[in-house]
Amino acid sequence: RNGVSRAVKQMYYSVLLSSAIAPIQREALDLASQHLATIQAQYKQGIASDLSVLRQQVEVSNTEPALTQALNLYEEGLIELKNLLGLDPEAEINLTDGLTCDAGAPGDIAAMYKAALANRPEYRDAAIQRNLYREMIKIEKAGHYPYLSAFASKGFQGQADSGFPGSSAQSWSTTAGLRLSLPLFAGGSTSSRVAQARLQADIADINLKELERRIKIAVKEAWLSLNEASLRLKSQTTSVETARKALTATEVRFKNGLASQLELNDTTLALNRAQTLFIQAQHDSCNAAAQLKWTIGE
């Protein structure tokens, strides 16, 4: 159940990432087209060269495939999500959330280790199996000890030509006693069974420790991923706004002949990159949070 929940969350976040990337690429295409219109107007006025127009046309052509790819990734992600949910590929599905899971920074790693070992079902099963083999050692050792048992029985017998036999035709018998078994000649079978139980307990103990190590590694990796994504998201929060201001200023300077076409395209690319990194950081933060919850058994 936890695995299915994690898979659905992570696929959902992937589709949300694709749906957020598409508008960014569409804006980049719109900006490239607007800049092309500006350069064409300058060309008509004799301010820009035909080479500048050709360069910007190439810029527009290079931006179009990114938008097509983003839209295609979104559709493919929807299909995978429908498949995970057991829906028909043509079923209508609308994503109503955004990449705002508010994952935040991860908590104390020691507490997460403890929670994972308490919640993960495979660790509990391994611990139960180890304890079972330890109890088997005690059971097999009991074969060295004498065995004393008590028994008792009471029987009735009667015979009559018709009906139930009367008291004179009835007889009761009672038997009781003790039975003592002394394992004097076990042929070493009991010792062998004890040794086998000890080996099984040792193997189970090793498996439990190895499983604990692997669980801690998974928790630490997920913890580091969430911590890194949270720090990256924090650093990218203001970068989009800064990049947009830089582009606006560059556009004004370009129209006034104070900035080159290369500067204009560079600031446009910087805005696109800042938006992409911000959305990617949001996705990575949500994805890492889902992974961390799964590793600690939630």
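Since the model is a prediction, treat every value here as computed from it, not as a measurement.
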State plainly whether the residues Glu241 and Arg244 are in salt-bridge range, i.e. N to O under 4.0 Å. no

Hydrophobic cluster membership, Ile203 vs Leu211, 4.5 Å side-chain cutoff: no

Who passes side-chain hydrogen bond (donor to acceptor under 3.5 Å, both in side chains) against Asp30, sequence neighbours left out? none

May I ask you to decide if Leu258's main-chain N or O and Arg253's side chain share a donor-acceptor pair within less than 3.5 Å? yes

Closest heavy-atom pair, Phe254 versus Ile39, reported as atoms and distance to 0.1 Å, is CZ-CG1, 3.6 Å

Do Glu210 and Arg214 sit within salt-bridge range, that is, some charged N less than 4.0 Å from a carboxylate O? yes

Regarding Ser239 and Gln236, is there a side-chain donor-to-acceptor distance under 3.5 Å anywhere? yes

Nearest 0.5 Å, please: how far is CE in Met112 from CG in Leu117? 13.5 Å

Identify each donor-acceptor pair in which a side-chain atom of residues 61-70 lies under 3.5 Å from a protein atom, sequence neighbours left out, and give them as a table.
unit_1, atom_1, unit_2, atom_2, d
Ser61, OG, Gln57, O, 3.0
Asn62, ND2, Val58, O, 3.3
Thr63, OG1, Glu59, O, 2.7
Thr68, OG1, Glu64, O, 3.3

Can you list every salt bridge (Lys or Arg N to Asp or Glu O under 4.0 Å) pair that touches residues 140-151, not counting sequence neighbours? Glu140-Arg193

In terms of hydrophobic clusters joined by side-chain contacts under 4.5 Å, are Leu17 and Ile93 together? yes

Can you confirm whether Lys82 sits close enough to Asp88 that some side-chain heavy atom of one is under 4.5 Å from a side-chain heavy atom of the other? no

State which residues pass side chain to side chain contact (heavy atoms under 4.5 Å, CB included) with Glu80; sequence neighbours excluded, sorted by chain then number. Met11, Asn83

Separation of Tyr12 OH from Leu78 CG (nearest 0.5 Å): 10.0 Å

Mind jotting down which residue pairs meet the side-chain hydrogen bond (donor to acceptor under 3.5 Å, both in side chains) criterion with at least one end in residues 37-48? Sequence neighbours excluded, please. none

Going from OH on Tyr133 to CG on Leu208, what distance comes out if it is rounded to the nearest 0.5 angstrom? 13.0 Å

Restricting to side chain to side chain contact (heavy atoms under 4.5 Å, CB included), what partner residues turn up for Thr248, sequence neighbours left out? none

Side-chain donor-acceptor contacts of residues 277-284 below 3.5 Å, not counting sequence neighbours, with atom names and distances?
unit_1, atom_1, unit_2, atom_2, d
Gln280, NE2, Asp284, OD1, 2.9
Gln282, NE2, Leu99, O, 3.4
Asp284, OD2, Arg232, NH1, 3.1
Asp284, OD2, Arg232, NH2, 2.9

Please examine the side chains of Leu71 and Arg26, heavy atoms only from C-beta on, and report whether any two atoms are closer than 4.5 Å. yes

All heavy atoms of Asn287 vs all of Tyr13, minimum pair found to be N-CD1, 3.9 Å

Is there side-chain contact between Ile21 and Thr276, with heavy atoms separated by less than 4.5 Å? yes

From CG (Leu271) to NZ (Lys245), nearest 0.5 Å: 13.0 Å

Please round to the nearest 0.5 Å and tell me the distance separating atom CE of Met136 and atom CZ of Arg134. 15.0 Å

Quick one: list whatever passes side-chain hydrogen bond (donor to acceptor under 3.5 Å, both in side chains) with Arg1, sequence neighbours left out. none

Could you tell me which residues satisfy side chain to side chain contact (heavy atoms under 4.5 Å, CB included) with Thr250, sequence neighbours excluded, listed by chain and number? Ala259, Glu263, Leu264, Thr267

How would you list, by chain and number, every residue that makes a side-chain hydrogen bond (donor to acceptor under 3.5 Å, both in side chains) with Gln10, sequence neighbours excluded? Gln291

Results of ring pair (Phe, Tyr, Trp, His ring centres under 6.0 Å) for Phe151 - residues two or more places apart only: none

Side-chain donor or acceptor of Arg179 paired with backbone N/O of Ala150 under 3.5 Å: no

Under the side chain to side chain contact (heavy atoms under 4.5 Å, CB included) criterion, do Leu31 and Gln34 qualify, and how do the steps go? CA-CA 5 Å; Leu31 287 173; Gln34 292 173 14; 4.0 Å; yes

Among Ile, Leu, Val, Met, Phe, Trp and Tyr joined by side-chain contacts under 4.5 Å, find the other residues sharing a cluster with Leu269 and list them by chain and number. none

Would you give the length of the straight line joining atom OG of Ser173 to atom NZ of Lys154, rounded to the nearest 0.5 angstrom? 9.5 Å

Which heavy atom of Asn119 sits nearest a heavy atom of Ile296, and at what distance? ND2-O, 3.1 Å

Cationic N near anionic O, under 4.0 Å, Asp205 to Lys209: yes

Please answer: with hydrophobic residues joined when any side-chain heavy atoms are less than 4.5 Å apart, are Val15 and Ile79 in the same cluster? no

Shortest non-hydrogen contact from Ser19 to Leu16? OG-O, 2.7 Å

Say whether Trp294 and Leu226 are linked into one hydrophobic cluster, either directly or through other cluster members, by side-chain heavy-atom distances under 4.5 angstrom. no

Would you check if Asn272 and Glu27 make a side-chain contact, meaning some heavy-atom pair closer than 4.5 Å? no

With side-chain hydrogen bond (donor to acceptor under 3.5 Å, both in side chains) as the criterion, how do Glu251 and His35 come out once you've worked through the C-alpha distance, each side chain's angles and the decisive distance to 0.1 Å? CA-CA 8 Å; Glu251 287 176 336; His35 297 161; 2.8 Å; yes

Determine, stepwise, if the pair Gln157 / Trp172 fulfils side chain to side chain contact (heavy atoms under 4.5 Å, CB included). CA-CA 6 Å; Gln157 183 178 4; Trp172 291 85; over 6 Å; no

Do Ile215 and Ile128 belong to the same hydrophobic cluster, where Ile, Leu, Val, Met, Phe, Trp and Tyr are linked whenever their side-chain heavy atoms lie under 4.5 Å apart, directly or via other members? no

